[in-house]
Amino acid sequence: MCNVQEEIIELDLDKPQAGGLGFSVIGGERGIFVKSITPGGIAESSGELQVGDRLLKVNEELMTGVSHTKAVTTIRKAKGLVHLIVSRP
């Protein structure tokens with residue numbers, strides 16, 4: 001088995017009161033990944049998040065082994081400054 005070194009990135013996105021963080025996710029229990037980044041959205045303007053990044057944590061909620069629905073709900077419920085931990089191959 002080949003050991004791929006992944007980069008761990010921590011970032012904070014300031015979620016507006018109305019609207020989202022400007023990215024969508026895909027996947028499920030085998031991993032939640034950034035599917036797309038909305039042009040002009042919060043995630044794009046931060047310049048830190050990339051398509052293909054794997055979500056490890058949203059604030060204090062682990063994103064490993066969770067369903068797609070649970071991940072989306074967690075992201076939507078997050079308010080204010082949202083702390084993300086992602087891994088990038």
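Because only heavy atoms are used, hydrogens play no part in the values below, and waters and symmetry mates are left out as well, while side chains stay in.
- The closest side-chain donor-acceptor pair between Asp12 and His83 falls under 3.5 angstrom.
- Shown here are the salt bridge (Lys or Arg N to Asp or Glu O under 4.0 Å) partners of Glu61, two or more places apart in sequence or in another chain: Lys70.
- For Ile42 against Pro16, the heavy-atom pair with the smallest separation is CG1-CD, 3.9 Å.
- One distance of note links CG of Leu13 with OG of Ser45; it measures 8.0 Å at 0.5 Å rounding.
- Listed for the Lys79 side chain is no donor-acceptor partner under 3.5 Å among the backbone atoms of Gln17.
- Within 6.0 Å of CZ on Arg88 lie more than 12 heavy atoms contributed by other residues, nucleotides or ligands.
- Nearest approach of Ile8 to Ile85, heavy atoms of both residues: CG2-CG2, 3.8 Å.
- The distance from the CD atom of Glu6 to the CG atom of Asp53 is 10.0 Å, given to the nearest 0.5 Å.
- Taken from CD1 in Ile9 to CG in Leu56, the straight-line distance is 9.5 Å, to the nearest 0.5 Å.
- Considering all non-hydrogen atoms of both residues, Leu55 and Met63 come closest at O-CB, 3.4 Å.
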Taking distance alone, no hydrogens or angles, what donor-acceptor pairs closer than 3.5 Å link side-chain atoms of residues 23-32 to residues at least two apart or in another chain?
| from | atom 1 | to | atom 2 | distance (Å) |
| --- | --- | --- | --- | --- |
| Ser24 | OG | Ser36 | OG | 2.6 |

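- Side chain of Lys57 to backbone of Glu10: no donor-acceptor contact under 3.5 angstrom is found.
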>> side-chain contact (heavy atoms from CB on, under 4.5 Å), that's the test. Do Val51 and Ile37 meet it? Break it down for me.
In response: CA-CA 7 Å; Val51 170; Ile37 295 177; 4.2 Å; yes

> Would Ile75 and Thr73 satisfy side-chain contact (heavy atoms from CB on, under 4.5 Å), going step by step from the backbone distance to the final call?
Replying inline: CA-CA 6 Å; Ile75 294 164; Thr73 301; over 6 Å; no

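- Hydrophobic clustering of Ile, Leu, Val, Met, Phe, Trp and Tyr side chains at less than 4.5 Å, counting indirect connections, unites Val34 with Val82.
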